[in-house]
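The structure under discussion appears below in the form of structure tokens.
Keep in mind the model is a prediction, meaning the values are calculated, not measured.
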Amino acid sequence: MVEQLPAPVGAGIYNVYTGAQAGSAVPTAAQLGLEPPRFCAECGRRMVVQVRPDGWWAQCSRHGHVDSKDLETQR
């Protein structure tokens, strides 16, 4: 069984780095993995993001919390 990414960073209709419709250009820093997601993929709302030395976490007011440590186990 393949686990899906949490709604805030999963496949949605919005770009998680720019908030624009999916398919728009992704910033270079994000392509290199240097930038955490800033917008929810499901609703396009700006998320609360905390960057820490070992990763980041992001919280959408509608779709919940996601932590980069949780995503590491799904790779």
Side-chain angles (χ1 to χ4, degrees):
M1 183 175 126
V2 176
E3 289 187 45
Q4 292 182 341
L5 292 173
V9 294
I13 59 172
Y14 296 97
N15 183 314
V16 297
Y17 302 107
T18 64
Q21 291 284 329
S24 62
V26 176
T28 304
Q31 290 176 4
L32 296 172
L34 302 174
E35 189 70 26
R38 304 281 181 185
F39 296 88
C40 178
E42 288 290 314
C43 63
R45 285 182 168 81
R46 188 121 168 108
M47 295 191 290
V48 175
V49 177
Q50 176 68 52
V51 178
R52 34 175 220 267
D54 64 341
W56 52 265
W57 62 260
Q59 172 93 26
C60 173
S61 62
R62 305 276 195 249
H63 297 103
H65 182 90
V66 64
D67 193 306
S68 61
K69 284 190 175 191
D70 298 337
L71 300 178
E72 289 292 323
T73 61
Q74 294 182 11
R75 282 192 186 179

Sub-4.5 Å side-chain heavy-atom contact between Ser68 and Arg52: yes
- request: Could you pull out all residues at least two apart from Gln59 that satisfy side-chain contact (heavy atoms from CB on, under 4.5 Å)?
  value: Val48, Trp57, His65
query: Should Tyr14 and Glu42 count as side-chain neighbours, where that means a heavy-atom distance under 4.5 Å?
result: no
task: Compare all side-chain heavy atoms of Val66 with those of Trp56 and state whether any distance is below 4.5 angstrom.
output: yes
- request: Check Val49 against Pro37 and note the closest heavy-atom contact, atom names and distance.
  value: CG2-O, 3.3 Å
message: Using the side-chain contact (heavy atoms from CB on, under 4.5 Å) criterion, which residues pair with Arg45? Sequence neighbours excluded.
response: Cys43, Ser61, Arg62
- request: Search all heavy atoms of Met47 against all heavy atoms of Cys40 and return the closest pair with its distance.
  value: CG-N, 3.8 Å
query: What are the two closest heavy atoms between Asn15 and Phe39, and how far apart are they?
result: O-CB, 3.8 Å
field: Qualifying residue, where the test is side chain to side chain contact (heavy atoms under 4.5 Å, CB included) with Pro27 and the options are Leu32, Thr18, Leu34
entry: Thr18
